[in-house]
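Inspection log for the structure reproduced underneath, given as structure tokens.
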Amino acid sequence: MTAAVTTTRLSVFPLPGALLFPRMHLPLHIFEPRYRAMVSDAMARDRRIGMIQPRPATGEPPELFDLGCVGRIAEVEALDDGRYNLVLEGVALFRILRELDVATQFRQVEAELIPVGADETLSLGSRASLELESKRFAEAQGYAVDWNAVARLDDEALVNGIAQIAPFDTAAKQALLEAPDIEQRAELIVQLMQFFGRHDGDERVTLQ
């Protein structure tokens with residue numbers, strides 16, 4: 001029997017390069033008036049914001065990718081000048097069904113929520129390959145990393161954490177979000193680190 005589709009109305013925050021996964025956290029600094037209004041609205045209702053990437057070079061307002069992640073405002077700091085510092089906690093992935101015609105400054109969509117499964121794990125070989133390539137990439141980029149802390153992360157936190165913070169382009173980030181499982185996401189991260197590592201400094205190189 002096919003499970004019933006759960007649909008919901010979401011206010012969305014289009015932000016290139018910003019990924020959020022269920023059970024992960026994303027810090028945000030909100031300063032634009034339209035997104036300050038979005039945060040105020042979310043705080044008055046259900047504390048939910050849909051994080052989604054805009055498609056590159058698609059005009060204004062930009063077209064949106066279909067898949068994003070619902071974040072619940074877990075922490076909020078309201079600054080005196082109206083800006084906010086937030087931490088979003090990933091709740092569930094969502095797929096946009098249609099964009100709504102609204103009077104608000106911020107965009108809203110009707111979306112299908114994708115149920116969150118159990119914690120995922122990697123094979124020992126995949127974990128070792130990911131850690132090795134991450135060390136190579138971090139060294140090449142000049143990043144300082146506490147590898148003892150990294151080793152203590154569970155597989156899901158490691159893979160999705162790298163996907164969120166890695167300096168890949170928008171298309172690459174979206175491919176990571178859309179990977180069907182953690183094994184394939186880890187494999188794609190390794191490939192992207194190798195690809196971007198070889199082309200470091202060449203601003204013309206992007207994934208299509």
Side-chain angles (χ1 to χ4, degrees), residues 6-116 143-146 149 153 156-178:
T6 300
T7 61
T8 189
R9 182 184 183 120
L10 288 174
S11 302
V12 292
F13 185 10
L15 189 59
L19 290 192
L20 178 62
F21 289 88
R23 294 187 282 264
M24 299 295 292
H25 293 86
L26 178 67
L28 293 171
H29 177 65
I30 307 296
F31 58 90
E32 287 189 55
R34 56 182 164 172
Y35 297 125
R36 285 156 39 182
M38 178 189 67
V39 171
S40 296
D41 179 73
M43 291 299 296
R45 293 188 301 111
D46 55 11
R47 302 176 73 96
R48 297 189 311 168
I49 293 172
M51 294 302 302
I52 192 85
Q53 290 198 116
R55 295 181 183 272
T58 53
E60 185 59 38
E63 296 177 17
L64 304 176
F65 280 106
D66 295 332
L67 190 73
C69 184
V70 181
R72 179 184 176 276
I73 299 174
E75 299 178 24
V76 58
E77 177 188 13
L79 305 178
D80 292 340
D81 60 2
R83 293 174 297 137
Y84 292 96
N85 289 322
L86 306 179
V87 176
L88 293 185
E89 179 181 11
V91 175
L93 297 180
F94 69 88
R95 191 174 302 279
I96 293 176
L97 301 176
R98 65 186 180 99
E99 185 160 356
L100 301 174
D101 185 11
V102 294
T104 55
Q105 294 176 287
F106 49 91
R107 299 166 73 174
Q108 299 182 50
V109 301
E110 180 185 358
E112 171 190 357
L113 294 182
I114 300 171
V116 179
Y143 298 152
V145 178
D146 183 349
L153 294 174
E156 190 175 79
L158 175 64
V159 173
N160 292 344
I162 292 174
Q164 287 190 187
I165 68 173
F168 303 144
D169 65 29
T170 300
K173 289 278 207 175
Q174 191 67 26
L176 290 171
L177 185 67
E178 295 182 4

* Asked: Quick one: which of Leu20, Val39, Asp41, Val12 gives a side chain to side chain contact (heavy atoms under 4.5 Å, CB included) with Ile49?
  ->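 Between Ile49 and the candidates, side chain to side chain contact (heavy atoms under 4.5 Å, CB included) is satisfied uniquely by Val39.
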
To check you understand the geometry: which heavy-atom pair defines the closest contact between [X] and [Y], and what is its length?
X      : Y      : result
Pro54  : Pro16  : CD-N, 3.5 Å
Phe94  : Gly50  : CE2-CA, 3.7 Å
Pro22  : Val91  : CB-O, 4.1 Å
Arg9   : Gln108 : NE-OE1, 2.8 Å
Pro14  : Tyr35  : CD-OH, 3.4 Å
Lys173 : Ala166 : NZ-O, 2.9 Å

* To do: Please indicate whether Phe31 has more than 12 foreign heavy atoms, meaning atoms of other residues, nucleotides or ligands, lying under 6.0 Å from its CZ.
  =>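 Counting other residues, nucleotides and ligands, CZ of Phe31 stays at 12 neighbours or fewer.
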
To the nearest 0.5 Å, what is the distance between [atom1] on [X] and [atom2] on [Y]?
X      : Y      : atom1 : atom2 : result
Glu32  : Gln105 : CD    : CD    : 10.0 Å
Leu79  : Arg36  : CG    : CZ    : 9.5 Å
Arg48  : Thr8   : CZ    : OG1   : 3.5 Å
Ile162 : Leu153 : CD1   : CG    : 8.5 Å
Thr6   : Glu112 : OG1   : CD    : 8.0 Å
Met24  : Glu156 : CE    : CD    : 8.0 Å

* Show your reasoning for whether side chain to side chain contact (heavy atoms under 4.5 Å, CB included) applies to Ile52 and Leu10. => CA-CA 11 Å; Ile52 192 85; Leu10 288 174; over 6 Å; no

Under 3.5 Å, side-chain donor or acceptor atoms of residues 62-78 against the rest of the protein: list the pairs with distances, not counting sequence neighbours.
unit_1	atom_1	unit_2	atom_2	d
Glu77	OE1	Asn85	ND2	3.0

* Asked: Can you list the steps and then say if Glu110 with Arg98 is a salt bridge (Lys or Arg N to Asp or Glu O under 4.0 Å)?
  -> CA-CA 5 Å; Glu110 180 185 358; Arg98 65 186 180 99; 2.6 Å; yes

* Asked: Does Tyr84 have any ring pair (Phe, Tyr, Trp, His ring centres under 6.0 Å) partners at least two apart in sequence or in another chain, and if so, which?
  ->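 Residues passing ring pair (Phe, Tyr, Trp, His ring centres under 6.0 Å) with Tyr84: none at all.
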
* Asked: Does the Gln53 side chain pair with the main chain of Gly17, one donor and one acceptor, at a distance under 3.5 Å?
  ->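 Such a contact is found between Gln53 side chain and Gly17 backbone.
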
* Are the side chain of Gln164 and the backbone N or O of Phe21 linked by a donor-acceptor pair below 3.5 Å? ->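 Yes: the side chain of Gln164 pairs with the backbone of Phe21.
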
* Side chain proximity check, Met51 to Leu28, heavy atoms < 4.5 angstrom ->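 Yes - at least one pair of side-chain heavy atoms lies under 4.5 Å apart.
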
* **CA sep, side-chain torsions, deciding dist, call: Phe168, Leu176, side chain to side chain contact (heavy atoms under 4.5 Å, CB included)** => CA-CA 10 Å; Phe168 303 144; Leu176 290 171; 3.9 Å; yes

